[in-house]
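Here the structure comes first, spelled out in structure tokens, and everything after it is commentary.
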There are 2 protein chains.
Amino acid sequence: MNEVFRALSDPTRREILRLLRARDMTAGELAERFPLAKSTLSGHFSVLRHAGLIVQERRRTSIVYSLNLSAVEETIAGVLSLLKTGRDGKEGS
Amino acid sequence: MNEVFRALSDPTRREILRLLRARDMTAGELAERFPLAKSTLSGHFSVLRHAGLIVQERRRTSIVYSLNLSAVEETIAGVLSLLKTGRDGKEGS
DNA sequence: TCTGTATTTCGTCAAATGCAGAAATAAACA
DNA sequence: TGTTTATTTCTGCATTTGACGAAATACAGA
């Protein structure tokens, strides 16, 4: 959970999620959308992947990233309930 | 929105929100719950306040903090829809 | 106004973060 | 195996962050 929030705290990473919401994209396609070095984007992918927010899959020479939508929803819903109910946030829906 | 995510990315700040979920507390009461200097906690309060997640109110000699629950819910719900639908996240519920 | 209590602001420091370019790795294919 | 393409890992640097203690501010009451 900690990692998820840290991942979401960066605007570039949230924009990556937004792009992946529309369709799966390769690392290179994503990198083209930002005025940043590919190595920098690769680092952002890594953070998002460790947080479970995206998944990667190798397809021929490229690596395709896709949004792990259910993980995103679960996480945010979990936080919502954590802030609404009276428990300690260990158990979810 | 950016500020909200940055505010939520720190574990101490999320714990502050959890404590305030139970009841309003003064800055001193909150500070007692953490092994940190009061000045450090004051900084966290400031971040949470600027993000709109908590509100403060002076009561006699103390400053009472309370959770801005509706803001929290709105924010997280907004993010949820931003990740689910195909728009740009400017319009919400 | 002076004192005591509660909280924030300031100055400083160590650690973490985001970035770039260079080198390394992985896969497809001649 | 050697080459090309796609991506990641490594190294170094500048900025930001979270932490502390000391000083400053705000308010209530003698």
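Hydrogens, waters and symmetry mates play no part in the numbers below; they use all other heavy atoms, side chains included.
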Per the under-4.0 Å heavy-atom filter, residues of residues 42-59 of chain A near DNA chain D come out as A/Ser42, A/Phe45, A/Gln56
Residues forming a side chain to side chain donor-acceptor pair (under 3.5 Å) with [X], sequence neighbours excluded:
| X | value |
| --- | --- |
| B/Arg59 | B/Glu57 |
| A/Arg13 | A/His44 |
| B/Arg60 | none |
| A/Asp10 | none |

Note: chain A reaches DNA chain C at heavy-atom distances under 4.0 Å over the stretch, first to last nt, 5' to 3', of C/dT17 to C/dC29
*Just to confirm, is there a sub-4.0 Å distance from OP1 or OP2 of D/dA6 to any side-chain nitrogen or oxygen of A/Tyr65?*
no
Rounded to whole Å, the CG-P distance (B/Asp10 to D/dG18) equals 5 Å
Margin query: With hydrogens left out and only the distance checked, is there a donor-acceptor pair under 3.5 Å joining B/Ser39's side chain and the base of D/dG21?
Written below: yes
Determine whether [X] and [Y] make a side-chain contact, defined as any pair of heavy atoms from C-beta on separated by less than 4.5 Å.
| X | Y | answer |
| --- | --- | --- |
| A/Ile63 | A/Thr26 | no |
| B/Val64 | B/Met25 | no |
| B/Leu8 | B/Leu17 | yes |

Across the strands shown, which category fits [X] at heavy-atom distances under 4.0 angstrom: base, sugar-phosphate, nothing?
| X | value |
| --- | --- |
| A/Thr40 | base |
| B/Leu36 | sugar-phosphate |
| A/Pro35 | sugar-phosphate |

With five pairs defining each end axis, the helix from C/dT1-D/dA30 to C/dA30-D/dT1 comes out bent, to 10°, by 10°
For residues 46-68 of chain A, the ring pair (Phe, Tyr, Trp, His ring centres under 6.0 Å) pairs (sequence neighbours left out) are A/Phe45-A/Tyr65
Across all chains, not counting sequence neighbours, the salt bridge (Lys or Arg N to Asp or Glu O under 4.0 Å) partners of A/Glu15 are A/Arg18
In numerical order, the residues of residues 24-34 of chain A whose heavy atoms come under 4.0 Å of DNA chain C are none
Those residues at least two apart in sequence (or on a different chain) that pass side chain to side chain contact (heavy atoms under 4.5 Å, CB included) with B/Ala31 are B/Lys38, B/Leu41
Contacts of B/Ser66 meeting side chain to side chain contact (heavy atoms under 4.5 Å, CB included) (sequence neighbours excluded), chain-then-number -> B/Asp24, B/Val55
Comparing nearest nucleotides in DNA chain C, the 5'-proximal residue of the pair A/Ala37, A/Arg6 is A/Arg6
Exercise. Output yes when a side-chain donor or acceptor of A/Ser42 lies under 3.5 Å from a complementary backbone atom of A/Ser39, and no otherwise.
Key: no
Check: Should the pair A/Arg49-A/Glu3 be classified as a salt bridge under the 4.0 Å nitrogen-to-oxygen rule?
Finding: no
